[in-house]
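Both counts, for ligands and for their atoms, begin at 1 and track the order of listing. Atom set for the values below is all heavy atoms of this structure, side chains included, hydrogens, waters and symmetry mates excluded.
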Amino acid sequence: MTGEAQGKRPAGFPSKKKTGKKTDAQDPVKNFEKWKKKYDKTKIRIKREKKRNKKPEWQVERENIKRLVDKYSEINIKDAVKFSDFPLSKKTLRGLLEAQYRQPTEIQRQTIGFALQGKDVLGAAKTGSGKTLAFLIPVLECLYRQQWTAEDGLGALIISPTRELAYQTFEVLRNVGKNHDFSAGLIIGGKDLKHESERIHRTNIIICTPGRLLQHMDETSTFHASGLHMLVLDEADRILDMGFADTMNAIVENLPKTRQTLLFSATQTKSVKDLARLSLKDPEYVWVHEKAKFSTPATLEQNYVVCELQQKVNMLFSFLKSHLQKKVIVFFACCKEVQYLFRVFCRLRPGIPVLALHGKQQQMKRMEVYNDFIRKKAAVLFATDIAARGLDFPAVNWVLQFDCPEDANTYIHRVGRTARYKEGGEALLVLLPSEEKGMIAQLQERKVPINKIQVNPEKLNNVQQKLEAFLAQEKEQKERAQRCFVSYLRSVYLMKNKDVFDAFLLPLEQYAASLGLAVAPRVRFLNKARKLKESSELHPGGKPGDESDEELQSFRAQIRGEKLAPTAKEGHNKAQHESSEEEEDDVDEEEQQSSSEDEEESDNSDSDEDTALRPAGLSLALDRDEEEEEDQRDMELLTVKRRDVFGLEDGTADQEESSLQNKATKKPEKESKFKEAKKALKRNFKVNTKMTFTEDGEMVQQWPPLQRTAVPAGSEDEGTSGGINVEEARERLQREDQEFDKQEYSRKVKEKHREKRLKEKAARRDASKRQKEEQKGESSSEEEEEVVAYLDCSDNEEEFDPSSLPDPDKHVDSESEDKGREASGKGVRKRGYSNSSSYSNPEEFADSRKRTRKEDPTGPESRPLDTGLSLAEDEELVLHLLRNRS
Ligand SMILES: Nc1ncnc2c1ncn2[C@@H]1O[C@H](COP(=O)(O)OP(=O)(O)OP(=O)(O)O)[C@@H](O)[C@H]1O
């Protein structure tokens, strides 16, 4: 305590002894005020001095960081019960608390310490054990330590194998890191590349898929990764496997060697080769559940059933029927299977919402489905393996593997979509009898506890007839079923593990029937493969690498579509195709168009990875080509088993193939036209149809005009005779064409007459009106002009005499003179366009008619047939005819 505080008078106060007249100095009030002033001044001065001496925020921050870093060496994971037991920044701790994360999971506990100390880490733990935070926390702390700002650019890179997983990680980062000032970006395919390019150089944490990242590395000049501090590979084993090998190598080349690298997965790789590729420095292996009895969560109950291929659809339907209040994910082998069965199940109405997620969907659709499934309490998601890894769908009760997974790792990732973070879950694996032994052995080896259960045959609902009915109603559905059939066989055929997968053992006819198909599509690649296999068995002495073996390998590569990607980046594509068809779909195709008939999906999918490999301008064209080629491949595979229907073949499939090849080389022009037509068809123009009823109640299609059989069919019957007589069919077609042209000609003449009559009537009406107006003496010059203009048009109409149209009889005669020119004759007809509807005013119309006449000095015979339709209508007519013929 000071003297003043003990009661001493403040300086300036008069002493008691000095009495007499009170001066100003003696006035206690004044004195106090004086003192107060002085006191306040001193206070302010001290405050100012304190302020002047106060450290800047950055300095305080730096001291905090230093304090935290000093504690890194003292981290004791055994004592770390709460996140606050780790030397983490206040901002991170607050973020964790706000997101309701209080205690670290085992993998987080064991890895955060190493990662904070700057070590490279290989972390592996069961699915749903919290690996995401195990790398996000060190990422945040790393940049915080560096006091990273937007100007510093890229500081941490997190690579995920799928867009969905990247999106999910991004969301967790946004949640946990919201108190930090770093910028974070989600760089995945299917998003606006330009928008990304404009921001990427100011992004501190990038979460991406490999292809899209490489694309930015190649194309975005402002983007560089030279300042990168931390690289994270989520689902590292998947990213490092063959599918992404080339892309990853190219990415790693662009990264600084001094970075810290973290690898996480539920099924960890320890491959020295892989680690060398990433140039890891003395990595710490953290395998949390290495000594665990089982490699899947303890809360997960796992069973399998053995089911014949032809019973699988029935089984799935029956399963869903009995789990209407559950959230179920069903995994399939390929996109086309998901596409077909999703539609079919929607129509079957099992009583539970059905969703589909696969790589052929547009990115927006994928996101929508993902969020939709998260929101729903009960639903079934039909998915390919794009949903198998890392996705954290809450409260999934069941994972049903409709098709056998590629290997035990894929199995573990798939079932990991349920029983996440202390929750319970159930998994059911459906195996074919031929798959049981091999797959179960693999699972046992990987410490997966799985039991066999039986399907009660009495409880099975048979939906085959319903499927048949659907297919009978819709041609497109039938094509989807065929594609599903072929795709599934292809996926089985391409599986590496031949102990489990044998495409030759599959009951094709029965399987086709179970999909609702009356006839099994002929799978040519399987036939060819069988022959190759047989020939290699005939020469058992052959070693691997022998001619037949090589032939088989190259054939496999062909089926995978490797020949379709002979670009500079072929390695990547090649590798992609080596994985399942889904991944091929997921990562190799660019979304460009959506099916108008079903907006839920596009027949292509955007692929960041793929886009990454192409110059931007080229991507569209290449995508279309690829898509076409894939379709062509499918067309080749998809030959319905109706041999010799056209009486054109007489031998084996091989002969047929060679003849087709010959055709292909001889008539490239025709093929390209076919391609063009296919392209146009793909755009899915919808022709409006107009139906009318005759007096007899018969329904007649008015538009698009149907080319009905005007000529009665001969005695031969396509179905019963086993083939069409091509010559006769051609003649009949010609006769039909003649008839059609005649009808069209007379229709047009009638129409023109009618128009003429109407115009005359209108002119008469106008004339009488004019007369009346003249009588009134009030006609304006403007109105006169109008009349003149109208009459002009009328004159021109006179010029457009239907008789100027080619006489179909003559036209046909000339055609019949030269039967061989049938095709060109059709071409002439197709090229005829009407001008009548494409002009906005009559003068323009008249001029154009004049021009046409001047430009066309030839006679009516050689002039193209005017169908009287607009260009677009004409195009539709051609498409329609094409469609009818196909
Ligand atoms: N410390 C924690 N406390 C509470 N919940 C947590 C914690 N860490 C993670 N979780 C929750 O556990 C669930 C699974 O986490 P996460 O997705 O990171 O698992 P994972 O190991 O990456 O799974 P997968 O191998 O399938 O990718 C998430 O719902 C997450 O919110």
Side-chain angles (χ1 to χ4, degrees), residues 77 80-86 88 92-93 95-112 115 121-140 158-177 207 232-239 262-269 286-289 292 295-300 327 329 331 370 373-374 383 385-396 399 405 408-425 427 446 448:
I77 53 168
V81 180
K82 291 177 283 169
F83 278 116
S84 53
D85 293 331
F86 285 102
L88 299 177
T92 303
L93 282 174
L96 287 167
L97 268 179
E98 283 162 4
Q100 309 299 322
Y101 297 121
R102 286 186 170 78
Q103 295 186 337
T105 63
E106 194 55 30
I107 183 76
Q108 291 160 5
R109 220 164 53 83
Q110 293 198 29
T111 51
I112 288 174
V121 176
L122 276 110
K126 290 178 187 177
T127 52
S129 55
K131 291 183 286 292
T132 314
L133 280 184
F135 60 77
L136 284 185
I137 293 172
V139 162
L140 288 171
I158 300 167
I159 304 181
S160 299
T162 64
R163 297 176 200 167
E164 279 71 20
L165 184 53
Y167 172 68
Q168 183 182 288
T169 308
F170 181 71
E171 289 298 311
V172 179
L173 176 69
R174 277 220 306 212
N175 200 9
V176 172
I207 300 175
V232 179
L233 304 193
D234 192 8
E235 301 300 343
D237 58 343
R238 175 69 194 90
I239 294 175
L262 311 181
L263 281 76
F264 282 87
S265 184
T267 46
Q268 189 60 280
T269 179
V286 180
W287 198 334
V288 173
H289 303 109
S295 55
T296 44
T299 47
L300 175 67
K327 214 164 171 181
I329 303 182
F331 283 104
Y370 172 81
F373 187 64
I374 284 179
D385 279 329
I386 56 166
R389 282 172 179 264
L391 292 191
D392 187 40
F393 296 115
V396 172
V399 167
N409 275 358
T410 310
Y411 173 92
I412 291 170
H413 283 286
R414 281 179 173 185
V415 295
R417 295 321 97 207
T418 182
R420 296 179 72 71
Y421 189 67
K422 297 180 183 172
E423 281 178 15
R446 286 300 310 276
V448 174

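The nearest protein atom to atom 19 (O) of ligand 1, hydrogens excluded, is given as Gly130 N, 3.2 Å; this is a heavy-atom distance. Scanning the protein heavy atoms around atom 8 (N) of ligand 1, the nearest turns out to be Gln108 NE2, 2.8 Å. Closest to atom 27 (O) of ligand 1, if we only count protein heavy atoms, is Gly390 CA, 3.0 Å. Nearest protein heavy-atom contact of atom 1 (N) of ligand 1 is Gln103 O, 2.8 Å. Ranking protein heavy atoms by distance to atom 25 (O) of ligand 1, first place goes to Lys131 NZ, 2.7 Å. Looking from atom 17 (O) of ligand 1 to the surrounding protein, the closest heavy atom is Arg420 NH2, 2.9 Å. From the protein, the heavy atom lying nearest to atom 12 (O) of ligand 1 is Tyr421 CB, 3.1 Å. Summary of contacts: the protein heavy atom closest to atom 29 (O) of ligand 1 is Asp392 OD2, 2.6 Å.
Using bins of under 30°, 30° to 60° and over 60° for the plane-to-plane angle, the ring pair Tyr370/Phe393 lands in the tilted bin.
Distances from atom 30 (C) of ligand 1 to the heavy atoms of Tyr101, Phe83, Phe135, Phe264 show the closest one on Tyr101. When the options Ser129, Ala266, Ala388, Gly128 are ranked by their closest heavy atom to atom 24 (P) of ligand 1, first place goes to Gly128. Atom 18 (O) of ligand 1 has its nearest heavy-atom neighbour, among Thr169, Asn175, Thr132, in Thr132.
Tyr101 and Gln108 form no side-chain donor-acceptor contact under 3.5 Å, judged by distance and modelled atom types alone.
When all heavy atoms are compared, the tightest approach of Ser295 to Lys126 is O-CG, 3.5 Å. In terms of heavy atoms, Ala236 sits closest to Ser265 at N-CB, 3.8 Å. Taking each heavy atom of Ala134 and Thr111 in turn, the nearest pair found is CB-OG1, 3.5 Å.
Here His413 has no heavy atoms under 4.0 Å from ligand 1, in either its backbone or its side chain.
Residue contacts with ligand 1: Arg417 is included, with a non-hydrogen atom under 4.0 Å away. Heavy-atom separations between Glu235 and ligand 1 include at least one value shorter than 4.0 Å.
Checking Leu133, Val139, Leu136 one by one against Val176, the side-chain contact (heavy atoms from CB on, under 4.5 Å) holds for a single residue, Leu133.
For ligand 1, the atoms lying closer than 4.0 Å to a non-hydrogen atom of Thr105 are 1 (N), 2 (C), 7 (C), 8 (N). Within ligand 1, the atoms closer than 4.0 Å to a non-hydrogen atom of Lys126 are 21 (O), numbered from 1 in the order shown.
The side-chain heavy atoms of Arg420 and Pro394, taken from C-beta on, include no pair separated by under 4.5 Å. Between Ile137 and Thr92 the shortest side-chain heavy-atom distance falls below 4.5 Å. Within the 4.5 Å cutoff, the side chain of Gln103 has heavy atoms near those of the Val81 side chain.
Of the possible polar contacts, one joining the Lys327 side chain to the Phe373 backbone as a donor-acceptor pair under 3.5 Å is found.
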